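Since the structure comes first, as structure tokens, the remarks are kept for the end.
Bear in mind that the values here come from a model prediction, so they are computed numbers and not experimental data.
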Amino acid sequence: MATNSVLLRSGQRMPLLGLGTWQAKAEEVEKAVEAALEEGYRLIDTAFNYNNEEAIGRALKRYVDAGECKREDLFITTKLPHVGNRASDVEKYLTTSLKRLQLDYVDMYLIHVPFGFVPDSSGENPAKNEDGSFVLDETNHDAVWKAMEKQVEAGHARNIGVSNFNMSQLERLVAKSKIPPATLQVELHAYLQQPQLRACCAKLGIPLTAYSPLGSPGARLHFQEKYNFQYPEYKEPDLLEQPVVKTIASAHDKSPAQVLLRHLVQQGIIVIPKSANPKRIKENAQIFDFQLTPEEMLQLNGLDIGENGRIINFLFWKGVEKHPEYPFTLQE
């Protein structure tokens with residue numbers, strides 16, 4: 001998979017395919033990372049907020065110590081948490097993540113979200129108001145970014161980027177940055193294709209990383225169980241059951257998931273599908289041995305339903321929409 005990568009400004013190459021680990025519990029993620037590494041994955045994406053960095057660190061250490069690959073062959077991404085969005089805390093949270101991952105540096109460190117919460121006494125979770133809403137914190141992107149840049153200079157992060165930023169937030173940040181963001185990681189799939197944001201990133205020379213590239217079929221249940229938050233259901237079918245996707249998959253003797261991933265990587269977009277199932281991890285890797293036709297690409301482009309396709313709007317964090325840096329337009 002070495003050639004299936006994107007060249008970053010730093011000169012490092014970032015694989016087009018990685019393993020996403022959001023919603024993956026510690027006990028299952030260790031096995032998932034091992035399975036992915038065996039299948040040739042080299043990009044592993046995690047975050048402080050996922051509470052699984054230690055398990056991922058164990059799997060990575062075992063693999064490298066066994067001589068299966070060198071550390072420099074891996075591309076490890078983690079993220080500054082929502083309770084760490086202040087300049088004074090960047091180094092503290094990255095140091096904690098490095099310790100948990102058993103690494104000297106990460107290949108990519110992202111600001112996870114553009115808004116911030118005040119941490120509770122543990123420093124791990126947001127503090128809450130009496131009504132259950134989260135205590136909002138001031139968030140100064142420029143100051144946080146300068147602290148991120150210092151982590152590159154210190155050798156703790158090879159690249160830095162942002163996640164879940166909107167177009168104006170990204171443009172503001174780039175205008176004042178010494179080191180421009182190496183990637184923007186956002187929700188991106190056939191129902192939410194974000195053409196304006198993509199055009200903006202292309203103009204700025206910032207590669208996109210797509211999370212939930214299969215439409216995150218398990219997200220609604222996750223939010224319901226963890227936050228007691230009910231998302232409205234799509235009017236359209238689940239992406240993996242979408243007739244257009246299934247027809248194209250059949251034509252190539254591929255699965256719907258492979259077609260959805262291929263649609264993105266064929267446009268130079270990095271994808272990080274999450275799976276803890278070794279069979280699906282293997283299947284998701286088999287997307288570089290076929291090509292979608294221009295007509296098929298157009299058909300898949302036509303599935304975009306804009307903001308109605310967004311699943312991850314963070315409203316499960318009560319009161320987040322009142323933060324001045326909340327990045328999305330709320331649907332009526």
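- No option in Asn52, Asn51, Thr78 other than Asn52 meets the side-chain hydrogen bond (donor to acceptor under 3.5 Å, both in side chains) test with Thr46.
- Checked for salt-bridge contact, Asp107 and Arg71 meet the test: a charged N lies under 4.0 Å from a carboxylate O.
- Tested against Tyr41, the residues Asn284, Ile272, Leu74, Val33 include a single side-chain contact (heavy atoms from CB on, under 4.5 Å) partner, Asn284.
- Environment of CD in Gln102: crowded, with over 12 heavy atoms of neighbouring residues, nucleotides or ligands closer than 6.0 Å.
- Side-chain contact between Ser97 and Arg100 is absent, with no heavy atoms from C-beta onward closer than 4.5 Å.
- Cluster annotation: Val6 is connected to Ile206 through the hydrophobic network of ILVMFWY side chains, with a link wherever side-chain heavy atoms come within less than 4.5 Å.
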Point to revise | Criterion salt bridge (Lys or Arg N to Asp or Glu O under 4.0 Å) on Asp142 and Lys176, from CA distance to verdict | key: CA-CA 7 Å; Asp142 294 338; Lys176 293 192 176 178; 3.3 Å; yes
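- Glu138 CD: 12 or fewer foreign heavy atoms inside a 6.0 Å radius.
- Residue Asp289 places its CG atom among more than 12 non-hydrogen atoms of other residues, nucleotides or ligands, all under 6.0 Å distant.
- Between Phe165 and His141, the ring-plane angle classifies as tilted under the 30° and 60° cut-offs.
- Across Thr77, Asp45, Asn164, Thr209, a single residue satisfies side-chain hydrogen bond (donor to acceptor under 3.5 Å, both in side chains) together with Gln185, and that is Asp45.
- For Glu72, the CD atom counts as densely surrounded, since its 6.0 Å shell holds more than 12 non-hydrogen atoms of other residues, nucleotides or ligands.
- Within a 6.0 Å sphere centred on CZ of Arg280, heavy atoms belonging to other residues, nucleotides or ligands number 12 at most.
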Practice item. Please lay out, stage by stage, how Lys246 and Glu241 fare under the test salt bridge (Lys or Arg N to Asp or Glu O under 4.0 Å). Key: CA-CA 7 Å; Lys246 289 175 83 172; Glu241 296 298 324; 3.2 Å; yes
Practice item. Test salt bridge (Lys or Arg N to Asp or Glu O under 4.0 Å) on Glu171 and Lys203 and set out the steps. Key: CA-CA 10 Å; Glu171 288 171 336; Lys203 187 178 163 189; 5.6 Å; no
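- Between Arg86 and Asp89 there is a salt bridge, since at least one side-chain N of the basic residue sits less than 4.0 Å from a carboxylate O of the acidic one.
- By the neighbour-count criterion of 12 heavy atoms within 6.0 Å, atom CG of Asp131 is densely surrounded, having more than that number from other residues, nucleotides or ligands.
- Under 4.0 Å is where a charged nitrogen must lie from a carboxylate oxygen, and between Glu30 and Arg58 at least one such pair does.
- Annotation: side chain of Leu303 is in contact with side chain of Gln242 (closest heavy-atom distance under 4.5 Å).
- Counting heavy atoms of neighbouring residues, nucleotides and ligands inside a 6.0 Å radius, atom CD of Glu295 does not exceed 12 of them.
- Results of the ring pair (Phe, Tyr, Trp, His ring centres under 6.0 Å) test with His82 over Phe134, Phe117, Tyr93 single out Phe117 as the only residue that passes.
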Check your understanding: Please walk me through it: do Asn85 and Thr139 pass side chain to side chain donor-acceptor pair (under 3.5 Å)?
Key -> CA-CA 6 Å; Asn85 263 355; Thr139 304; 4.9 Å; no
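- The aromatic ring centroids of Phe314 and Phe115 lie less than 6.0 Å from each other.
- Salt-bridge formation is not detected for the pair Lys31/Glu38: no Lys NZ or Arg NE/NH1/NH2 atom is positioned less than 4.0 Å from an Asp or Glu carboxylate oxygen.
- Exactly one residue among Gln291, Gln267, Gln286, His252 makes a side-chain hydrogen bond (donor to acceptor under 3.5 Å, both in side chains) with Arg262. That residue is Gln291.
- Annotation: Phe48 is not in aromatic contact with His112 [ring centroid separation under 6.0 Å not met].
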Exercise for review: Could you please spell out the steps behind the salt bridge (Lys or Arg N to Asp or Glu O under 4.0 Å) verdict for Arg62 and Glu34?
Suggested key: CA-CA 9 Å; Arg62 266 200 309 275; Glu34 285 177 353; 2.2 Å; yes
